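These values consider heavy atoms only, across backbone and side chains, with no hydrogens, waters or symmetry-generated copies. Just follow the structure's listing: the first ligand is 1, and inside any ligand the first atom is 1. All figures in this text were calculated on a predicted structure; none of them were measured in a lab.
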Amino acid sequence: MPDLILQVDRAGRLLGYKLSGSFEAQISLADLVGHSIYPSLPEPAAEAFRLALADAESGESVAVPFEYRLVGETGGELIRELRAIAAEGDVFLLLIRDVTRQRASDQHVRLMATLFEHTTEGVVVCDGEWRVEAVNRAFVSITGYKAEEVTGSRLHPLDDKASLELRTELADELESGGAWRGELHARRKNGEFYPQWSTVSAVRGPDGAVSHYLQVFTDLSRRGPMTRRLGYLHHYDALTGLSNERLLLERLSKALAVAEREGGRVALLRFDFNCFRTVNDSLGYEVGDQILARVSERLRAVARMSDTCARLHADEFVLVLEDLKEGSPSAKAREILQQLREPFEIEGHEAVELEPCLGIALFPPDAGRADALLRNAGIARDRLKARHEGGFEYYSEELGTMALRRNQREQALRRAHEEHQLVLFYQPKVDVMTQAILGAEALLRWRHPSRGLVPPLDFVPLAEETGLILPIGEWVLEVACRQTQAWRDQGFPDLTIAVNLSPIQLQDERLLERVDGVLERTGLAPAALELEITESCLLEDLPGSLEILSAFRKRGIKISLDDFGTGHSSLSLLCQLPIDVLKIDKSFLDQIPSNHKERAILDAIVNMGHSLDMEVVAEGVEAADQLQALRESGCDQLQGYFFSRPVPAQDFKALLLSSRAQAARDEGTPPSI
Ligand code: C2E
Ligand code: MG
Ligand code: MG
């Protein structure tokens with residue numbers, strides 16, 4: 001029902017009216033009867049009414065939706081709509097509706113939708129079962145998941161690993177009708193973890209049941225959600241005043257579009273520094289920031305006005321050469337490198353010299369999308385870094401495929417770790433004389449769903465390159481110690497366990513803390529743990545290694561030097577280091593006992609180890625005659641297929657039991673003369 005009907009003549013004079021709905025409260029028209037309605041209408045509306053009256057033919061009713069706004073008596077804005085006009089002879093009926101409320105709620109909905117889409121916070125709307133109904137653009141850009149990939153699936157803010165405490169806290173807060181806020185460790189589609197500041201709340205229907213859950217979050221790894229609100233910082237880096245990643249990508253996209261249209265070329269140069277972290281660590285962030293500001297000045301000096309200079313984050317910078325003429329950007333790259341290799345003089349400090357690493361991607365042929373071009377240049381740069389080189393390198397398709405493959409393997413390994421596909425096998429270490437089992441070495445395996453049992457040499461190097469070895473290594477330590485403690489409790493109280501440590505773990509500042517934590521959690525005595533390291537581990541950072549090895553020894557943990565004889569085997573190194581066990585590598589045994597020279601070397605190593613107070617273990621013993629030779633040389637323990645291959649935990653328990661039975665039999669038999 002229309003809210004207001006006006007009866008007017010062709011000249012617009014009010015003949016009569018009927019008020020209903022909200023109009024009754026808004027206006028009184030009695031005084032207007034007999035007068036023109038036009039002065040009472042805002043100008044555009046008056047004009048529209050005039051035209052409508054002129055157009056209206058007698059006997060027909062026409063819809064003329066026309067919306068107009070006016071200020072009401074109380075000062076608020078009112079929105080009206082002239083909806084239709086009907087003519088009966090010289091009398092016209094105007095149908096007018098008040099749409100103030102409706103428009104306001106439309107606008108509110110639009111505003112909310114805009115906010116939802118454009119806020120920099122990720123937003124997830126779930127139904128009462130935590131199934132995703134909607135996500136916004138920021139969600140997509142933060143997590144890497146497309147809306148269609150998550151819609152309909154369950155997405156609880158806490159993953160399986162969240163503690164019971166946290167779960168209860170969240171549930172309690174939602175139950176009580178409040179919102180839960182806190183920092184979570186969330187994961188992007190590419191597997192990367194990031195700190196997430198989340199607010200989770202429940203929306204209840206009229207019946208009080210939860211109809212929706214709402215999660216709003218920021219990615220704390222992307223700097224400063226606060227500062228972003230300022231328009232400038234939205235596009236520029238606060239420290240250097242260069243473009244930030246957002247503006248860079250915008251400009252780059254435009255440049256690529258132009259190049260594509262006009263057959264031009266674009267080069268993207270992306271660089272950072274080897275070991276910039278050490279500058280921050282040793283001189284402090286303030287000096288680090290000053291150097292970064294200087295870097296940006298030098299970069300700007302090299303760039304042309306039309307080039308975009310940007311800082312992505314930390315010490316990562318980008319220069320985009322648009323409209324690249326003939327020739328290659330190598331000259332520019334050299335110029336930048338030369339500039340950046342000049343020492344940075346910061347007041348009160350010694351001059352700092354840095355080695356830049358620069359990757360270049362070109363369009364064409366490399367990539368037509370801004371983010372891909374940026375990534376490609378990064379791949380080229382990382383390639384240099386992996387070789388511990390400075391200078392510059394061009395991206396090539398081959399590099400891209402390699403990076404992609406590596407990335408896939410990395411993801412697969414990450415998943416393997418999370419989905420418990422990694423398992424430990426145990427290989428016995430036996431007494432050289434009695435062959436009784438004294439301990440075990442824990443050896444990692446990947447139970448791959450399609451490839452079967454994958455040996456560690458096939459994936460440990462990748463784990464080391466990607467840093468995954470840290471969580472994996474800690475897991476190995478924990479599982480091995482827990483298992484050994486279980487065996488010790490089951491009647492093998494003297495059993496020891498040897499765990500391999502990667503050089504990367506040895507460089508981890510928190511290694512000591514982690515090992516302590518594992519021992520505490522598993523209850524294993526430090527003396528039952530042996531950590532196996534290799535010589536190459538030690539050479540990387542000798543003083544640091546010395547320190548950490550001494551700390552282990554102080555706790556009673558044994559250190560064993562693995563694969564002895566394959567590396568540098570420096571005698572002076574051996575004397576300096578607190579090593580308890582020497583593990584002679586299998587390669588030494590291969591030629592024994594046929595080769596006399598090898599025999600002599602073996603004897604010498606065993607003697608040397610003993611005179612340095614070390615136990616000597618031979619690994620890779622496969623044959624009886626090797627056993628004999630090792631016995632004669634005075635070696636203490638043996639490990640190898642001759643006794644047992646590495647086996648799963650339950651099989652190892654069986655080995656332990658049969659070893660004990662054998663020992664009992666041995667004791668019962670009289671010594672042979
Ligand atoms: P490693 O520490 O020197 O381990 C001994 C390797 O020799 C094991 O190979 C073992 O299966 C093998 N082996 C033992 N007895 C014999 C034998 O009689 N004949 C032959 N041919 N081989 C024998 P595996 O398990 O493939 O491990 C290879 C290497 O992977 C290990 O060498 C170790 O360096 C590394 N690794 C294994 N587990 C871990 C781990 O948890 N963390 C780290 N960082 N490295 C690990
Ligand atoms: Mg080992
Ligand atoms: Mg070894």
**Student:** Determine which of the N, O or S atoms in E441 is closest to the Mg ion (ligand 2) and give its atom name.
**Tutor:** OE2
**Student:** Is S502 touching ligand 1 with its side chain, its backbone, both, or neither, if touching means heavy atoms under 4.0 Å apart?
**Tutor:**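 Under 4.0 Å from ligand 1, S502 contributes backbone and side-chain atoms.
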**Student:** So, K146 and E149, do they make that salt bridge, N to O below 4.0 Å?
**Tutor:**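 Here K146 does not pair with E149 in a salt bridge, since their nearest N and O are not under 4.0 Å apart.
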**Student:** Counting from 1, what ligand 1 atoms have a heavy atom of E622 closer than 4.0 Å?
**Tutor:** 17 (C), 18 (O), 19 (N), 20 (C), 21 (N)
**Student:** Which class fits the ring pair W475 and H417: parallel under 30°, tilted 30 to 60°, perpendicular over 60°?
**Tutor:**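 Answer is perpendicular, since the angle exceeds 60°.
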**Student:** Tell me, please, whether F492 has R660 positioned over its six-membered ring: NZ or CZ under 6.0 Å from the ring centre and within 45 degrees of its axis?
**Tutor:**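 The answer is yes, since R660 meets both limits relative to F492.
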**Student:** Nearest heavy atom to atom 39 (C) of ligand 1 wins, so pick from T534, V476, N500, L422.
**Tutor:**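 Answer by nearest heavy atom: N500.
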**Student:** For the pair D219 and Q196, evaluate side-chain contact (heavy atoms from CB on, under 4.5 Å) and give the outcome as yes or no after the intermediate values.
**Tutor:** CA-CA 5 Å; D219 174 357; Q196 184 193 72; over 6 Å; no
**Student:** Is the shortest distance from a heavy atom of P646 to ligand 1 less than 4.0 Å?
**Tutor:** yes
**Student:** Decide whether the shortest distance between a heavy atom of E441 and an atom of ligand 1 is less than 4.0 Å.
**Tutor:** yes
**Student:** Between E464 and ligand 1, does any nitrogen or oxygen pair lie at a separation below 3.5 Å?
**Tutor:**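 No.
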**Student:** State whether D585 contributes an N/O/S atom found under 2.8 Å from the Mg ion (ligand 3).
**Tutor:**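 Under 2.8 Å: D585 has no N, O or S contact with the Mg ion (ligand 3).
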**Student:** Please work out whether any backbone atom (N, CA, C, O) or any side-chain heavy atom from C-beta onward of V621 is under 4.0 Å from ligand 1, and answer side chain, backbone, both or neither.
**Tutor:**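 The backbone, only.
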**Student:** Look at the rings of F273 and F271 and say which category their plane angle falls in: under 30° parallel, 30 to 60° tilted, over 60° perpendicular.
**Tutor:**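 Ring orientation of F273 relative to F271: perpendicular.
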**Student:** How far is atom 28 (C) of ligand 1 from the closest protein heavy atom, and which atom is that?
**Tutor:** P456 CG, 3.7 Å
**Student:** Assess whether a salt bridge exists between E419 and R447, defined as any Lys/Arg side-chain N lying under 4.0 Å from an Asp/Glu carboxylate O.
**Tutor:** no
**Student:** Provide, to 0.1 Å, the distance between atom 10 (C) of ligand 1 and the closest protein heavy atom, together with that atom's residue and name.
**Tutor:**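 Answer for atom 10 (C) of ligand 1: L443 CD1, 3.9 Å.
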**Student:** Distance from S396 atom OG to R383 atom CZ, nearest 0.5 Å?
**Tutor:**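 Output value for this atom pair is 8.5 Å.
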**Student:** Just which atoms of ligand 1 are under 4.0 Å from any heavy atom in E619?
**Tutor:**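 Those atoms are 3 (O), 5 (C).
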**Student:** Going by heavy atoms in the side chains, are E622 and K586 under 4.5 Å from each other?
**Tutor:**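 The answer is yes; the side chains approach within 4.5 Å.
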**Student:** Decide, counting backbone as well as side-chain atoms, whether N500 has an N, O or S atom less than 2.8 Å from the Mg ion (ligand 2).
**Tutor:** yes
**Student:** Can you tell me which residue and heavy atom of the protein come closest to atom 13 (N) of ligand 1, and the distance to 0.1 Å?
**Tutor:** Y641 CE2, 3.8 Å
**Student:** Of all the N, O or S atoms in D563, which one sits nearest to the Mg ion (ligand 3)?
**Tutor:**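 In D563, the heteroatom (N, O or S) nearest the Mg ion (ligand 3) is OD1.
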**Student:** F588 versus I605: any side-chain heavy-atom pair under 4.5 Å?
**Tutor:** yes
**Student:** I need the contact type for K583 against ligand 1. Using non-hydrogen atoms and a strict under-4.0 Å cut-off, is it side chain, backbone, both or neither?
**Tutor:**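 Contact part for K583 vs ligand 1: neither.
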**Student:** Give a rough value, rounded to 10 degrees, for the angle at the Mg ion (ligand 3) between atoms OD1 of D562 and OE2 of E619.
**Tutor:**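 Between OD1 of D562 and OE2 of E619, the angle at the Mg ion (ligand 3) is about 90°.
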**Student:** Within the 4.0 Å heavy-atom shell around R445, which atoms of ligand 1 are there?
**Tutor:**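 Answer, ordered by atom number: 11 (O), 24 (P), 25 (O).
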**Student:** Has R277 got more than 12 heavy atoms of other residues, nucleotides or ligands less than 6.0 Å from its CZ?
**Tutor:**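 No.
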**Student:** Relative to the heavy atoms of D562, which atoms of ligand 1 are at a distance of less than 4.0 Å?
**Tutor:** 1 (P), 2 (O), 3 (O)
**Student:** Hey, is R341 close enough to E353 for a salt bridge, meaning N to O under 4.0 Å?
**Tutor:** no
**Student:** What N, O or S atom of E532 is found closest to the Mg ion (ligand 2)?
**Tutor:** OE1
